[in-house]
Protein chains: 2
Amino acid sequence: MGTKERKEREREQVKSQILTAARELFFALGYEATSIRSIAEKVEYSPGAIYLHFKDKDSIFHELQIEGFHLLNEKMAVLLAVSDPFERLKAMGRVYMQFAKDYPDYYDLMFVIRAPMRALEDDEEWQAGETAYHILIHVVKECQSVGYFNNVDPETFSYYVWATMHGIITLGKHGRNKVVCEASRNFIEELAFQEFVKMLEKK
Amino acid sequence: MGTKERKEREREQVKSQILTAARELFFALGYEATSIRSIAEKVEYSPGAIYLHFKDKDSIFHELQIEGFHLLNEKMAVLLAVSDPFERLKAMGRVYMQFAKDYPDYYDLMFVIRAPMRALEDDEEWQAGETAYHILIHVVKECQSVGYFNNVDPETFSYYVWATMHGIITLGKHGRNKVVCEASRNFIEELAFQEFVKMLEKK
DNA sequence: TTTGATAATTGAACAGTGTTCAGTAATTTT
DNA sequence: AAAATTACTGAACACTGTTCAATTATCAAA
C-alpha cells in the first residue's frame with residue numbers, strides 16, 4: 001500500500017506550489033508586500049493551510065533565501081574557467097555584483113533583510129551560504145601564493161573584500177542618496193568597483 | 001492679541017512632544033515596532049491626533065532622519081582639529097564608524113531603511129545629508145594635494161571610500177552571517193577597517 | 001460496505017498595523 | 001451670548017501574521 005508515499009509526495013507538491021507562489025509574489029512585490037493571504041489565494045488554499053506546511057512567514061522566505069545562495073554558488077561556477085588567481089578574484093567580484101543586479105530581491109533576502117536570517121541559525125543548510133565566502137578565502141590565499149596581498153591575514157582580508165563589494169552594492173540601492181541619482185547609479189557603482197580593483201592590483 | 005502666535009507655539013510644542021515620544025520608542029523598539037498608536041499613547045493623545053501634525057508615519061521618521069544627519073555632522077566637527085589631510089581622512093572614517101556603532105538606529109534610518117528616504121526627495125533639508133559627503137570629497141582632494149590618490153577622480157574615489165565604510169558597517173549587522181559570530185563582530189569590523197586604511201596608505 | 005480513525009482543510013477570530021473622517025468638544029472671534 | 005474656527009476623539013476601514021475549533025475528505029480495518 002504505497003498510499004503513505006503518495007501522500008508524502010502530494011504534501012511535497014503542495015509545499016512546492018506554495019513556494020512557487022511565494023517566489024513569484026516576492027519578486028513582483030517584495031518581502032513586506034507579499035502576504036500569507038496573497039500566497040494562499042494564488043495557490044487556491046485558505047490562509048490557514050499555509051501553516052500546515054510552514055511554521056511561519058519567515059520560514060517560507062528562508063527557503064527562498066537558500067535558493068538564492070544556491071543560485072549564487074551556481075553563478076560562481078564560471079570561476080573555474082579562470083586559471084590566474086588574481087583574474088579569478090576579479091571575476092568573482094564581477095559575478096557577485098552581477099548577481100546583486102540581476103536578483104536584487106534575492107540579494108536583499110540573503111544579506112540585507114534582517115528577518116528571515118534568524119531561521120538559518122544552527123542549520124546545516126547554511127553551508128550553501130558559507131560556500132561563496134570559503135571560495136573567496138581560497139582565492140585570496142591563491143593570490144597570496146603568486147605574490148599578491150603579502151603580510152595580510154587571508155580571512156580578514158577576504159572579509160574586507162566582501163564588505164567592500166557589499167558596500168558598493170547596497171549604498172546606492174537603499175535610501176536613494178540623491179548624491180547619486182537613479183540613472184547614474186549603475187555607472188558610479190561600476191566606477192567604484194574599478195577603483196577597488198585598482199587598489200587590489202597595487203597590492 | 002498674541003493668541004495666534006501662542007497657538008502656533010502650542011502646536012510646535014505638541015509636535016515636538018510627538019517627536020520625542022517617537023524617538024524614544026524608536027530607539028527602544030526599532031522602526032517597525034514603533035506604532036502610531038504607541039506614540040499616541042505616550043503623548044496621551046488619540047491616534048488620529050498624530051495626523052494633525054504629521055502626514056504619515058514616514059514623515060515622522062523623516063524628521064528623526066534629519067536629526068541623525070545633523071548629529072553626524074556634529075560628530076564630524078572634531079575633524080577640524082586634525083590638520084594633516086590623510087590623518088583627517090582616517091579620523092573621518094573612525095568618526096563614521098563610531099557613529100554607526102553608537103547610533104545604529106539612526107544609521108539604519110539614514111542609510112539602510114528604504115521607507116523614510118522617499119520623504120527627502122526634492123527637499124532642501126537634504127543638505128544636512130549631503131554635508132558629510134561633501135566634506136569627504138573635500139578631504140580627498142586635500143589628500144591629493146599632498147600626494148595621495150593620484151590619477152583618480154576625487155568624487156568617484158570618495159564614493160568608493162564611503163561605500164567601503166558602509167559595507168564594513170552593514171555586512172555583519174544585518175543578517176548575522178554566522179561567518180562572523182555576534183561576539184567577534186566588532187573585532188573583525190575593526191580589522192577590516194584597518195585593512196582598508198592600509199590600502200589607502202599605499203596610494 | 002459500513003464504521004472508526006486519521007489526516008487535510010477551512011474560515012472565523014485575535015490582536016495588531018497605518019490611516020481616515022464624521023462628530024464632538026474646546027477655544028476664539030464677532 | 002452666538003457664531004465661527006480650531007482641536008481632538010474614537011470608531012471604522014482595510015490590511016497584516018497567526019491560531020484553532022469545526023468541518024470535510026481520505027483511508028484502514030471490521
Side-chain angles (χ1 to χ4, degrees), chain A residues 1-19 21-23 25-26 28-65 109 113-119, chain B residues 1-19 21-23 25-26 28-65 109 113-119:
Chain A
M1 291 295 121
T3 77
K4 204 167 187 177
E5 287 81 348
R6 195 207 57 203
K7 285 234 167 187
E8 187 71 24
R9 258 201 325 274
E10 281 174 352
R11 269 191 68 85
E12 292 279 334
Q13 210 177 316
V14 174
K15 188 169 177 174
S16 146
Q17 276 174 40
I18 294 171
L19 228 42
R23 193 186 308 111
L25 287 168
F26 171 62
L29 309 169
Y31 177 74
E32 297 287 338
T34 302
S35 67
I36 297 288
R37 280 174 179 80
S38 64
I39 296 170
E41 197 178 3
K42 211 175 170 81
V43 292
E44 291 175 298
Y45 278 93
S46 73
I50 305 294
Y51 291 85
L52 267 25
H53 298 89
F54 294 94
K55 193 184 130 282
D56 52 22
K57 194 185 174 184
D58 269 14
S59 63
I60 296 174
F61 284 89
H62 170 60
E63 308 243 336
L64 295 185
Q65 193 183 34
L109 214 53
I113 294 175
R114 224 176 193 117
M117 277 290 175
R118 268 186 292 122
Chain B
M1 290 279 118
T3 77
K4 203 166 186 177
E5 286 82 350
R6 194 207 60 204
K7 284 236 164 185
E8 185 71 23
R9 257 198 331 270
E10 281 174 354
R11 269 191 69 84
E12 291 280 332
Q13 212 177 316
V14 173
K15 189 169 177 175
S16 150
Q17 277 174 40
I18 295 170
L19 228 41
R23 193 186 308 111
L25 288 167
F26 170 62
L29 310 169
Y31 177 75
E32 296 287 339
T34 301
S35 67
I36 296 289
R37 279 174 180 80
S38 64
I39 295 170
E41 197 178 3
K42 211 174 171 78
V43 292
E44 293 176 295
Y45 278 93
S46 72
I50 306 293
Y51 291 85
L52 267 24
H53 298 89
F54 294 93
K55 197 182 127 281
D56 52 22
K57 194 185 176 184
D58 270 13
S59 62
I60 297 175
F61 284 89
H62 169 60
E63 309 242 335
L64 295 184
Q65 193 184 35
L109 213 53
I113 295 176
R114 225 176 193 118
M117 278 291 175
R118 267 186 294 121

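Labels below follow one simple rule: chain letters A, B, ... track the order of the sequence lines, proteins then strands, and each chain is numbered from 1.
Whole-Å rounding puts the A:His53 NE2 to C:dA7 C1' distance at 11 Å. Between A:Ile60 atom CD1 and D:dG17 atom P the separation is 9 Å, expressed in whole Å. For A:Tyr45 and C:dA12, the OH to P distance is 19 Å, given to the nearest whole Å. The distance between atom CG of B:Leu25 and atom P of C:dG18, rounded to the nearest whole Å, is 11 Å. In this structure, A:Phe54 atom CZ and D:dG17 atom P are separated by 14 Å, rounded to whole Å. Nucleotide D:dG10 holds its P atom 17 Å from the OH atom of B:Tyr51, rounded to whole Å. Rounded to an integer number of Å, the gap from B:Asp56 CG to C:dT17 P is 17 Å. In this structure, A:Ile39 places its CD1 atom 8 Å from P of D:dG17, rounding to the nearest Å.
In the set C:dT20, D:dT16, C:dT27, D:dT16 carries the atom at the smallest distance from any side-chain atom of A:Ser35. Here the nucleotide nearest the side chain of B:Lys57, chosen from C:dT28, C:dT19, D:dT18, is C:dT19. Of the candidate nucleotides D:dG17, D:dT9, C:dT10, D:dT9 has the atom lying nearest to any side-chain atom of B:Leu52.
Residues A:Phe61 and A:Ile113 fail the side-chain proximity criterion, which asks for heavy atoms closer than 4.5 Å. Between A:Val14 and A:Val43 there is no side-chain heavy-atom pair separated by less than 4.5 Å.
Across the interface with DNA chain C, nearest-nucleotide mapping of B:Lys55 and B:Lys7 shows B:Lys55 to be the residue nearer the 5′ end. Nearest-nucleotide assignment on DNA chain C puts the 5′-proximal partner with A:Glu44, out of A:Glu44 and B:Ala33.
B:Glu32 approaches A:Glu32 most closely through the heavy-atom pair OE2-OE2, 4.2 Å. Contact record, A:Ile60 with A:Ala22: CG2-CB, 3.7 Å, taken as the closest heavy-atom pair.
A donor-acceptor contact under 3.5 Å is formed by the side chain of A:Arg37 with the base of D:dG17.
No engagement by B:Ser38 is indicated, since no non-hydrogen atom pair under 4.0 Å with the nucleic acid exists. Heavy atoms of A:Arg11 sit under 4.0 angstrom from primed sugar atoms or phosphate atoms, though from no base atom.
Taking side-chain N and O atoms only, B:Thr3 has a distance below 4.0 Å to OP1 or OP2 of C:dT29. B:Ser46 has no side-chain polar atom (N or O) that falls below the 4.0 Å cut-off from OP1 or OP2 of D:dC8.
Under a 4.0 Å N-O distance rule, the pair B:Glu10/B:Arg6 qualifies as a salt bridge.
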